[in-house]
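Heads up, the thing below is written out as structure tokens.
Order of the sequence lines fixes the chain letters, A, B, ..., with proteins taken first and strands second; residue numbering starts at 1 for each chain. Because the structure is predicted, anything quoted here is derived from the model rather than measured. Only this structure's heavy atoms are used, side chains among them; waters, hydrogens and symmetry mates stay out.
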Number of protein chains: 4
Amino acid sequence: MGIHERKQREKQRRRRDIINAARKIFSVKGFNSATMEEIATEAELSPGTLYLYFKNKEELHTSLSIDILKYLTTQIQEVVNLDICVEEKMERFRDVFIDVYGYDASILINLFHLQSGETLHNLSDEMMQHLKKNSARAHGAIIQVIKEGIDKGIFIDEHPVALADVLWGSYAGVVLWVDSKKKLDDHKDFVKSTLTTAFKVIIQGLKKN
Amino acid sequence: MGIHERKQREKQRRRRDIINAARKIFSVKGFNSATMEEIATEAELSPGTLYLYFKNKEELHTSLSIDILKYLTTQIQEVVNLDICVEEKMERFRDVFIDVYGYDASILINLFHLQSGETLHNLSDEMMQHLKKNSARAHGAIIQVIKEGIDKGIFIDEHPVALADVLWGSYAGVVLWVDSKKKLDDHKDFVKSTLTTAFKVIIQGLKKN
Amino acid sequence: MGIHERKQREKQRRRRDIINAARKIFSVKGFNSATMEEIATEAELSPGTLYLYFKNKEELHTSLSIDILKYLTTQIQEVVNLDICVEEKMERFRDVFIDVYGYDASILINLFHLQSGETLHNLSDEMMQHLKKNSARAHGAIIQVIKEGIDKGIFIDEHPVALADVLWGSYAGVVLWVDSKKKLDDHKDFVKSTLTTAFKVIIQGLKKN
Amino acid sequence: MGIHERKQREKQRRRRDIINAARKIFSVKGFNSATMEEIATEAELSPGTLYLYFKNKEELHTSLSIDILKYLTTQIQEVVNLDICVEEKMERFRDVFIDVYGYDASILINLFHLQSGETLHNLSDEMMQHLKKNSARAHGAIIQVIKEGIDKGIFIDEHPVALADVLWGSYAGVVLWVDSKKKLDDHKDFVKSTLTTAFKVIIQGLKKN
DNA sequence: GATGAATGAGCATTCATTCAT
DNA sequence: TATGAATGAATGCTCATTCAT
């Protein structure tokens with residue numbers, strides 16, 4: 001292993017440390033209450049170092065969401081490429097969505113807030129492109145399956161983009177809503193079961209008859 | 001009209017001025033970027049005056065959401081009390097939701113962010129109670145209709161609360177998602193049509209077979 | 001009683017109400033934490049009315065101290081005019097001082113802070129003169145007795161003004177110090193006994209031999 | 001000198017800069033009128049930097065007093081440990097007190113106001129402990145000498161704590177009172193002579209006969 | 001005279017970001 | 001590269017005071 005390679009690896013490790021620390025702090029405190037110093041302390045680094053890896057606080061925050069969005073997108077695309085019927089693909093989507101929620105609920109919620117939230121002012125164009133590109137990819141994959149369902153006469157005759165919006169929006173909304181109820185009522189484990197119900201409803205609702 | 005009455009009316013007008021100014025500023029800038037001074041300027045008042053009508057920034061922001069939540073709740077309850085069948089009630093819900101979205105999209109979105117967002121620290125107990133009470137009322141009314149549907153053998157046999165969560169979450173999520181897409185893509189008028197599609201899917205999905 | 005007279009009396013009553021309310025609020029909260037609105041509420045008046053009777057917050061506060069200073073001065077002067085020996089006069093001073101502390105400790109302490117404290121910026125010249133005049137009067141009376149003691153060969157040969165400063169300063173300091181200890185240690189009744197001890201020491205210390 | 005050592009020294013210097021600036025500003029303006037920005041400007045630092053060294057305005061203010069209280073306490077304790085008679089110790093106390101007044105009158109006055117003034121709300125427990133501990137130490141040393149005097153039959157038979165209160169209170173009171181007179185009358189140098197007189201009186205007053 | 005709604009200057013404190021070492 | 005001390009702009013909120021009624 002060359003010295004250059006080792007440095008690259010080291011750099012990646014640092015970046016990962018920061019991301020993990022940020023995930024932890026943002027999850028507990030939310031974007032505004034979290035401070036860069038806390039994150040630095042958690043990562044056992046100095047505040048200045050964070051800025052060697054991320055342009056600013058907003059970009060650090062967003063990069064968490066982009067990571068999970070990439071993961072989600074990959075999973076969805078894998079489902080699309082499987083040689084199974086549309087209905088099974090939809091059920092796989094459900095599993096993927098539930099799996100991702102289980103993987104890191106707080107960052108997923110970040111993502112949804114990000115997609116629907118206050119304008120991002122300090123985000124670099126590069127970051128913005130990443131976000132949009134991955135978002136479009138995931139959405140595109142979903143649209144593809146829905147189109148397939150429509151073409152095969154399984155799904156109702158609506159604009160596939162609109163149906164994909166319904167699917168994605170419902171997913172995001174149910175996650176946001178049920179997750180916040182979870183906090184209030186202190187029931188710990190009904191998010192997944194409600195998500196399952198949600199997909200049961202949605203999938204059935206998409207079908208003809 | 002007595003002098004007292006006139007003063008009350010004047011006070012209400014002021015309050016309304018502030019709320020309108022706040023609505024405008026919060027819509028454009030979001031909660032964090034908006035400043036009390038901006039809102040005061042917009043309302044043609046001094047910053048201090050805002051605090052005669054609202055305890056703090058957070059409470060001013062929340063009161064916008066509470067207003068629309070109350071309106072939404074009232075509309076939903078009216079539907080529940082109508083002497084029509086469950087399926088028609090569900091369709092009326094759709095109309096109410098779409099109507100409320102049309103009435104004031106930005107505040108409705110505030111509300112959803114509020115319900116799913118970072119903890120509210122500076123909210124008075126009174127405000128918190130208002131929020132919870134109205135939220136519970138709207139949700140309760142929806143649950144009631146869903147129960148009715150289950151009892152009559154029209155809807156699938158799932159826990160009615162879970163189904164109501166699905167309905168509410170999907171509505172909120174589709175609004176958030178589609179509204180944000182609207183901004184990005186600059187398509188202006190497909191929110192309503194996507195909401196219509198969403199309800200079509202959901203309502204059909206709730207039904208047995 | 002003429003109408004003018006009645007008005008004057010009414011005015012005095014108002015003034016008294018405000019002073020009593022201010023005394024109460026300042027005692028509990030201290031100068032800075034007390035607000036004019038609180039005082040107005042306590043006096044069952046509106047904030048604006050306070051300004052008809054007192055130029056500003058500082059002047060209201062000071063007028064409390066001046067009142068007690070006037071009372072103290074009167075008492076001291078009465079002692080001076082009594083036809084008793086110097087030593088008895090000193091003991092009467094002690095009684096007066098203890099009496100005034102008992103009468104309204106918090107305002108007396110205000111007075112001492114006022115005399116030794118931060119510069120008074122908003123005080124009208126008139127108020128300043130009142131304060132200085134009464135202060136000088138009380139001090140003058142004490143000096144007079146001390147001079148008498150020196151002349152009669154009872155007290156030590158020091159500058160009478162310096163001795164009066166010692167007496168006054170010690171009184172004020174012991175009150176401030178012991179009163180604050182009272183709060184901390186929650187002993188309720190040893191201020192008077194410590195004051196008695198203080199005067200015993202001072203009076204003996206003033207004597208020759 | 002190691003790099004760490006140099007940094008520590010640098011840090012101490014900064015702290016000292018801030019304290020000096022604060023001393024100056026607080027002396028001129030008093031606690032409430034002084035602003036953190038003024039102090040920062042005086043120290044040729046930015047406002048934020050002050051908060052790296054002191055938790056808040058109140059703690060900065062108090063730390064001035066604590067410094068001088070520590071110094072005073074040390075001096076007093078040294079006197080106590082000397083191998084001299086009680087009467088000489090009392091005279092040494094006098095010298096210490098006069099010395100400390102000469103060292104930094106304005107901060108000494110801060111200290112007395114602090115000990116007798118409005119409750120301190122923003123003070124950290126640590127700071128409060130420092131204050132109380134040093135206060136108790138100084139007072140304890142004084143009590144010890146007074147006890148010794150009583151035991152040896154030199155001082156009057158009163159509770160030693162009460163006598164110490166008289167001594168301390170008189171000292172503080174005379175300083176406050178004479179110092180404020182100095183300002184008013186613009187006599188510059190009679191504080192020390194009055195303090196000397198005060199101690200002469202007090203010491204003689206403490207003695208039997 | 002009395003009111004009390006409105007004012008708006010004023011300030012402590014925070015924290016993302018920088019840069020000399 | 002990494003540091004972390006220093007920065008300083010930014011802002012919510014208070015409250016003494018005013019003045020139209």
Side-chain angles (χ1 to χ4, degrees), chain A residues 7 10-11 14 31-41 43-61 122, chain B residues 3 6-7 10-11 14 32-41 43-60 122, chain C residues 7 10-11 14 31-41 43-61 122, chain D residues 3 6-7 10-11 14 32-41 43-60 122:
Chain A
K7 279 196 175 176
E10 177 67 14
K11 207 169 167 180
R14 270 298 150 86
F31 180 75
N32 284 293
S33 300
T35 72
M36 291 300 265
E37 192 166 352
E38 275 175 307
I39 294 170
T41 304
E44 294 177 65
L45 290 168
S46 79
T49 307
L50 267 51
Y51 288 83
L52 298 176
Y53 292 86
F54 298 91
K55 206 184 110 227
N56 54 39
K57 189 184 179 186
E58 203 159 331
E59 206 145 313
L60 170 54
H61 184 249
N122 288 311
Chain B
I3 197 166
R6 185 175 303 159
K7 281 196 174 176
E10 176 68 13
K11 212 168 165 178
R14 260 315 139 83
N32 285 293
S33 301
T35 72
M36 290 301 264
E37 193 167 354
E38 276 175 307
I39 295 170
T41 303
E44 294 178 67
L45 291 168
S46 77
T49 307
L50 267 51
Y51 289 86
L52 295 177
Y53 292 85
F54 299 92
K55 208 182 107 235
N56 54 40
K57 189 183 177 186
E58 204 158 332
E59 206 144 315
L60 170 54
N122 287 313
Chain C
K7 278 195 175 177
E10 177 66 14
K11 207 168 164 179
R14 269 297 151 86
F31 180 75
N32 285 293
S33 300
T35 72
M36 292 300 265
E37 191 165 350
E38 274 175 308
I39 295 170
T41 304
E44 295 178 64
L45 291 167
S46 79
T49 307
L50 267 52
Y51 289 84
L52 297 176
Y53 291 86
F54 298 91
K55 206 184 110 228
N56 55 39
K57 189 185 179 185
E58 203 159 331
E59 206 145 313
L60 170 54
H61 184 249
N122 288 312
Chain D
I3 197 167
R6 185 175 304 158
K7 281 196 174 177
E10 177 68 13
K11 212 168 165 178
R14 258 320 139 81
N32 285 293
S33 300
T35 72
M36 291 301 266
E37 193 168 352
E38 276 175 306
I39 295 170
T41 303
E44 294 178 67
L45 290 169
S46 78
T49 307
L50 266 53
Y51 289 85
L52 295 177
Y53 292 85
F54 298 92
K55 210 184 106 232
N56 55 39
K57 189 184 178 185
E58 203 158 333
E59 206 144 314
L60 170 55
N122 287 312

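Remark: C/F31 CZ to C/K57 NZ distance equals 5.0 Å, nearest 0.5 Å. Annotation: the span from D/Y53 atom OH to D/L45 atom CG amounts to 8.0 Å, rounded to 0.5 Å. In this structure, the separation between CG on B/L50 and CG on B/L60 is 6.0 Å, given to the nearest 0.5 Å.
A sub-4.0 Å separation between OP1 or OP2 of F/dA2 and a side-chain N or O of A/Y53 is present. Within the 4.0 Å cut-off from OP1 or OP2 of F/dT1, not a single side-chain nitrogen or oxygen of A/R14 is found. The side chain of B/S46 places no N or O atom within less than 4.0 Å of a non-bridging phosphate oxygen (OP1 or OP2) of E/dG8.
Stem analysis of DNA chain F (Watson-Crick or G-U pairs, both distances under 3.5 Å, runs of at least three) returns E:2-21 with F:2-21.
For A/Y51, the side chain to side chain contact (heavy atoms under 4.5 Å, CB included) test picks out A/M36, with sequence neighbours left out. The side chain to side chain contact (heavy atoms under 4.5 Å, CB included) test applied to C/E10 returns C/R13, C/R14, not counting sequence neighbours. Every residue two or more places apart in sequence or in another chain that forms a side chain to side chain contact (heavy atoms under 4.5 Å, CB included) with C/T35 is listed here: C/E37, C/E38. For the side chain to side chain donor-acceptor pair (under 3.5 Å) test, no residue two or more places apart in sequence or in another chain qualifies with D/T41. Residues passing the side chain to side chain contact (heavy atoms under 4.5 Å, CB included) test with B/K55, sequence neighbours excluded: B/E59, B/S124.
Separating the CD atom of C/E10 from the C1' atom of E/dA2 is a distance of 12 Å, rounded to the nearest angstrom. Rounded to whole Å, the distance from NZ on B/K11 to P on E/dG4 is 11 Å. Across the protein-nucleic acid pair, B/E44 atom CD and E/dG8 atom P stand 13 Å apart, rounded to whole Å. Rounded to whole Å, atom P of E/dG1 lies 14 Å from atom CG of C/L50. Residue A/L60 contributes atom CG, which lies 10 Å from atom P of E/dT17 at whole-angstrom precision. Whole-Å rounding puts the C/H61 NE2 to F/dA16 P distance at 13 Å. Atom CG of B/L52 is separated from atom C1' of E/dT7 by 9 Å (rounded to the nearest Å).
Nearest approach of A/A40 to A/S46, heavy atoms of both residues: CB-C, 3.7 Å.
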Spell out protein contact along nucleotides 9-15 of chain E as letters: B when the base is contacted, S when just the sugar-phosphate is, - when no protein heavy atom is under 4.0 Å; keep the 5' to 3' order.
--SSBB-
